[in-house]
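Convention: sequence-line order gives letters A, B, ...; per-chain numbering from 1. Here the structure is a predicted model, which means the values were calculated and not measured.
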Amino acid sequence: MALQIYNTLTGKKEEFVPLEPGRVKMYVCGITVYDLCHIGHARSAIVFDVICRFLADLGYQVSYVRNFTDIDDKILRRAGAEGVDYRTIAKRFIQAFHEDMDALGLLPPAMEPLATDHIPEMLEIVRRLVEKGVAYKAGTDVYFSVERFPGYGKLSGRDLEDMVAGARVEVDENKRNPMDFVLWKGSKPGEPTWESPWGPGRPGWHIECSAMAAKYLGAPFDIHGGGKDLVFPHHENEIAQAEAAFGTSFARYWVHNGFVNINNEKMSKSLGNFITIRDVLESVHPESLRLFVISKHYRSPVDFSDDTVGEAERGLERLYATVEAAQERSAKDGHADYPDDALKKQDVELYEKLESLPVLFYEAMNNDFNTAQAVGYIFALQRNLQRFLDKFGRKNLKGPSARLAARSADSLVKHCRVMGLLMLEPEAFFEGQRKLKLKTTGISEEELSDLIAQRHKARAEKNFAEADRIRKQLEEKRIQLEDSPEGTKWRVSLQPIIA
RNA sequence: GGCGGCAUACCCAAGUGGCAAGGGAGCGGUCUGCAAAACCGUUAUACAGCGGUUCAAAUCCGCUUGCCGCCUCCA
């Protein structure tokens, strides 16, 4: 089955046909850089990262552009509050954004343009719109006249009359229609300003994305993405400006991700349920957050809680643990090849899961990036593989058994990596996980190994009361000890994130 | 007020006409000094409710209820 993408513009899943064979041009609205990013931004970034990786996996060359809005009221307000230049604020949060995205393991876009570097391109669009009579100057501002663009409302599925009737926008004497939106704002004293044919000022928000997308991808381009909340007015306005100015369609497929909620409510500063990416990554592995995100369909809202993130984390650990065990125990014999029949004889169910995973995986992903279903298929293989390994106790696998286990592990890794998961060697993952988790308990590695050694001694002396006392002491710090033939291992349970 | 979305087991969640994926938690068992992990078994005659279409519906249509989002900056 060919790739199907749900297109907000038509409200339907459509077969994806790129404008240029073998190439996908994708623009995703980035952030306004005035504060740290929260987990809603993380979801959006992860969703489009997975889309990007999947398209690349299908063989497309992906041109991915994501902008920064680096001039805006909120940036100016913060700059004013701190008594610094707005560029200082923008620079600080662009850097923070990059740190967060790197920490999340996201592929960098091909291009990350800044709004303020594209004022001439924006002015050119405004010029064309004014020339065509679709925009007008009023006072010190230039507005887009929604009545002059017949398609206005087509993305968000509203018509102009309804919008005007229910409009909650401020009445502005300058506007001909309450829904008209600003393209160019006359600057107030002390604000950053650029020269223009309509007087000194700065660009409106929507014009940036139209200008940068058109510059780097041309119009029309293939995919335009962003959060659901951008559908109206931002994307609606982008379409209006760009199509009116260029006389062509703007973007073919409009893709919008759902929100992250906390306790079933949208995250917002006023509700005090605002969680930054940094807050989460302090105690949660980035791939856990990724698995959490892709366990849900990208268009559905997702509720973030300690429980649901913890579930994702345990799932990820099991995935890594199974892969590690399979790799280790098939290391010797896993590379020799055997006929399919010989492998199948080892474990019919595992063999069938292994054979069917590629088909099912691509079927799910091709169906509007159904990562949740794809993850389900991956866990089905993981479960069968783990069960197979357990049949052999702790022994290493030989011959066709080793080969079957090795191939299953390879398949898990390969398919997970298409979604940006299982990117680490298991050993490195667990090492990182131990360090990260231990840090949240306030116990040092030395203290812990001392306590484990003490307990080991107590156990050797059959002083189980003392051994259990130490175990309990550590459990209070969320550290769980696991005795195994290879010695005592430990794991740390999740530190609550939500207060 | 206008527009849109969602409702599947204890929890999370996939499934858009033909035997209800997957994960987590629970319970019983194997293993273990005890635990934990892992494995085995088990947990929806059923998909908010009512009505309709169909040989066949969680899936399509209508109505009802509940929750959420957008309409103002917002991923």
Side-chain angles (χ1 to χ4, degrees), chain A residues 8 11 13 28-32 34-35 37-48 69 72-74 77 153 156-159 161-170 179 205 225-234 236 256-261 264-269 291-292 295-297 299-303 305 307-319 321-322 325 360 364 367 370-383 386-391 393-394 458-459 462-465 467-468 471-472 475 480-485 488-491:
Chain A
T8 307
K13 282 184 202 171
V28 176
C29 288
I31 57 159
T32 301
Y34 74 104
D35 206 345
C37 286
H38 54 67
I39 51 179
H41 297 111
R43 183 185 192 191
S44 186
I46 290 169
V47 162
F48 288 102
T69 296
D72 157 274
D73 286 341
K74 287 191 291 281
R77 204 176 310 139
S156 51
R158 322 153 187 240
D159 67 59
E161 274 179 45
D162 288 345
M163 282 191 262
V164 173
R168 298 196 310 205
V169 291
E170 275 177 56
M179 297 314 295
W205 175 35
K228 255 196 170 76
D229 53 343
L230 296 181
V231 172
F232 191 90
H234 185 52
E236 192 68 66
H256 294 100
N257 67 276
F259 284 117
V260 176
N261 296 333
N264 220 18
E265 275 177 318
K266 183 175 168 175
M267 249 187 346
S268 76
K269 286 190 170 174
L291 180 58
F292 166 77
S295 294
K296 265 263 210 186
H297 191 93
R299 282 188 279 125
S300 312
V302 54
D303 208 57
S305 70
D307 283 352
T308 51
V309 173
E311 282 174 18
E313 177 143 273
R314 283 188 288 279
L316 181 68
E317 285 174 354
R318 283 201 319 115
L319 228 34
T322 299
L360 295 172
N367 182 13
N370 194 336
T371 51
Q373 191 171 50
V375 166
Y377 295 137
I378 281 168
F379 273 104
L381 177 59
Q382 177 274 332
R383 188 182 159 82
Q386 182 64 53
R387 192 182 299 167
F388 180 66
L389 295 173
D390 278 21
K391 280 204 298 206
R394 295 182 173 276
R459 288 180 73 209
K462 302 242 188 265
N463 183 357
F464 295 122
D468 289 349
R471 156 173 285 146
K472 196 150 180 257
E475 267 170 13
Q480 175 68 49
L481 297 181
E482 295 172 13
D483 298 323
S484 77
T488 298
K489 296 178 187 165
W490 53 270
R491 60 170 56 223

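- Once the 5.5 Å centre distance and the 30° plane angle are applied, the aromatic ring of A:Phe379 is found not to be stacked with the base of B:rG22.
- A gap of 12 Å separates the P atoms of B:rG28 and B:rA35, to the nearest Å.
- A 3.5 Å limit on both hydrogen-bonding distances identifies no Watson-Crick or G-U partner for B:rC19.
- Atom CD in A:Glu317 sits roughly 11 Å away from atom P in B:rG24 (whole-Å rounding).
- Proximity of a side-chain donor or acceptor of A:Lys228 to a complementary backbone N or O of A:Phe259 within less than 3.5 Å is not detected.
- Closest of all the heavy-atom pairs between A:Ala364 and A:Ala374 is CB-N, 3.8 Å.
- Using a 4.0 Å heavy-atom distance criterion, A:Leu481 is classed as a base contact.
- Ion pairing of A:Arg491 with A:Glu317 is present here, as a side-chain N (NZ or NE/NH1/NH2) and a carboxylate O approach within less than 4.0 Å.
- In this structure, of B:rC39, B:rC34, B:rA25, it is B:rC34 that holds the atom nearest to the side chain of A:Arg471.
- Distances from the side chain of A:Asn370 to the nucleotides B:rG33, B:rG23, B:rG15 place B:rG15 closest.
- Heavy atoms only, all atoms of each residue included: A:Gly227 and A:His256 are closest at O-CD2, 3.4 Å.
- One atom, CD of A:Glu236, and another, C1' of B:rC71, lie 12 Å apart when rounded to the nearest Å.
- Separating the NE2 atom of A:His297 from the C1' atom of B:rA21 is a distance of 16 Å, rounded to the nearest angstrom.
- Ranking B:rA35, B:rG22, B:rG15 by closeness to the A:Gln373 side chain, first place goes to B:rG15.
- A:Val260 comes within contact range of at least one nucleobase, with a heavy-atom separation under 4.0 Å.
- In this structure, B:rC10 and B:rG24 make a Watson-Crick or G-U wobble pair, each of the two defining distances being under 3.5 angstrom.
- Among the nucleotides B:rU16, B:rA14, B:rG22, the one closest to the side chain of A:Lys13 is B:rU16.
- Of the residues near RNA chain B, A:Glu311 and A:Asp390, the one whose nearest nucleotide (by heavy atom distance) lies more toward the 5' end is A:Glu311.
- Atom CG in A:Leu291 sits about 12 Å away from atom C1' in B:rC12, given to the nearest Å.
- With P as the reference atom, B:rU8 and B:rA36 are 31 Å apart, rounded to whole Å.
- The gap from the C1' atom of B:rA57 to that of B:rU45 amounts to 15 Å, rounded to the nearest Å.
- Of the candidates B:rC70, B:rG33, B:rA75, the closest approach to any side-chain atom of A:Asp468 belongs to B:rG33.
- Annotation: the span from A:Met163 atom CE to A:Ser156 atom OG amounts to 5.5 Å, rounded to 0.5 Å.
- Under the Watson-Crick and G-U wobble criteria, each requiring two contacts below 3.5 Å, nucleotide B:rC3 is paired to B:rG69.
- Here A:Arg383 does not reach the OP1 or OP2 of B:rA38: none of its side-chain N or O atoms lies under 4.0 Å away.
- For the pair A:Asp303/A:Thr308, no side-chain contact is recorded, criterion being any heavy-atom separation below 4.5 Å from C-beta on.
- Across B:rA44 and B:rA37, the matching C1' atoms stand 29 Å from one another, rounded to whole Å.
- Residue A:Gly376 is in base contact, counting any heavy-atom pair closer than 4.0 Å across all strands shown.
- Protein atom CZ of A:Arg43 is 14 Å distant from nucleotide atom P of B:rG69, rounded to whole Å.
- You'll find that the side chain of A:Gln386 is closest to B:rA38, out of B:rC70, B:rG33, B:rA38.
- Side-chain atoms of A:Asn370 come within 3.5 Å of backbone atoms of A:Gln373 as a donor-acceptor pair (strictly under, hydrogens ignored).
- In this structure, the nucleotide among B:rA75, B:rG33, B:rA25 sitting nearest to the side chain of A:Ser44 is B:rA75.
- Rounded to whole Å, the separation between the P atoms of B:rG15 and B:rC3 comes to 27 Å.
- In this structure, A:Phe259 and A:Gly315 both approach RNA chain B, and ranking their closest nucleotides by distance from the 5' end singles out A:Gly315.
- Straight-line distance between the C1' atoms of B:rU30 and B:rG23: roughly 23 Å, to the nearest whole Å.
- Considering every non-hydrogen atom in both A:Pro301 and A:Asn261, the closest pair reads CB-ND2, 3.8 Å.
- Remark: B:rG62 base-pairs with B:rC50. Criterion, Watson-Crick or G-U wobble with two distances under 3.5 Å.
- Distance NZ (A:Lys489) to P (B:rA38): 11 Å, rounded to an integer number of Å.
- On the P atoms, B:rA58 is 11 Å away from B:rG49, given to the nearest whole Å.
- For A:Gly40 against A:Val260, the heavy-atom pair with the smallest separation is CA-CG2, 3.8 Å.
- Look at the C1' atom in both B:rU59 and B:rC71: the space between them is 31 Å, to the nearest Å.
- We find that CG of A:Asp307 is positioned 12 Å from P of B:rC11, with the value rounded to whole Å.
- The CG atom of A:Leu319 sits 6.0 Å away from the CD atom of A:Gln382 when rounded to the nearest 0.5 Å.
- Between A:Asn463 atom CG and B:rG33 atom P there is a gap of 16 Å when expressed in whole angstrom units.
- The side chain of A:Phe232 has B:rC70 as its nearest neighbour among B:rG24, B:rC12, B:rC70.
- Between A:Lys266 and B:rC70, a side-chain N or O to OP1/OP2 separation shorter than 4.0 Å is present.
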Tabulate protein N/O versus nucleotide N/O from nucleotides 2-8 of chain B, keeping only pairs under 3.5 Å, one per line.
| residue | atom | partner | partner atom | Å |
| --- | --- | --- | --- | --- |
| B:rG2 | O2' | A:Asp162 | OD2 | 3.3 |
| B:rC3 | O2' | A:Gly157 | O | 3.4 |

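- Pairing partner, B:rC31: none, since no Watson-Crick or wobble contact has both distances short of 3.5 Å.
- Distances were taken from every side-chain heavy atom of A:Arg318 (C-beta onward) to each of B:rU72, B:rA75, B:rG23; the shortest belongs to B:rG23.
- At the heavy-atom level, A:Asp483 lies under 4.0 Å from base atoms of the strands shown.
- Across every non-hydrogen atom of A:Gly225 and A:Phe48, the tightest pair is CA-CZ, 3.6 Å.
- No engagement by A:Gly11 is indicated, since no non-hydrogen atom pair under 4.0 Å with the nucleic acid exists.
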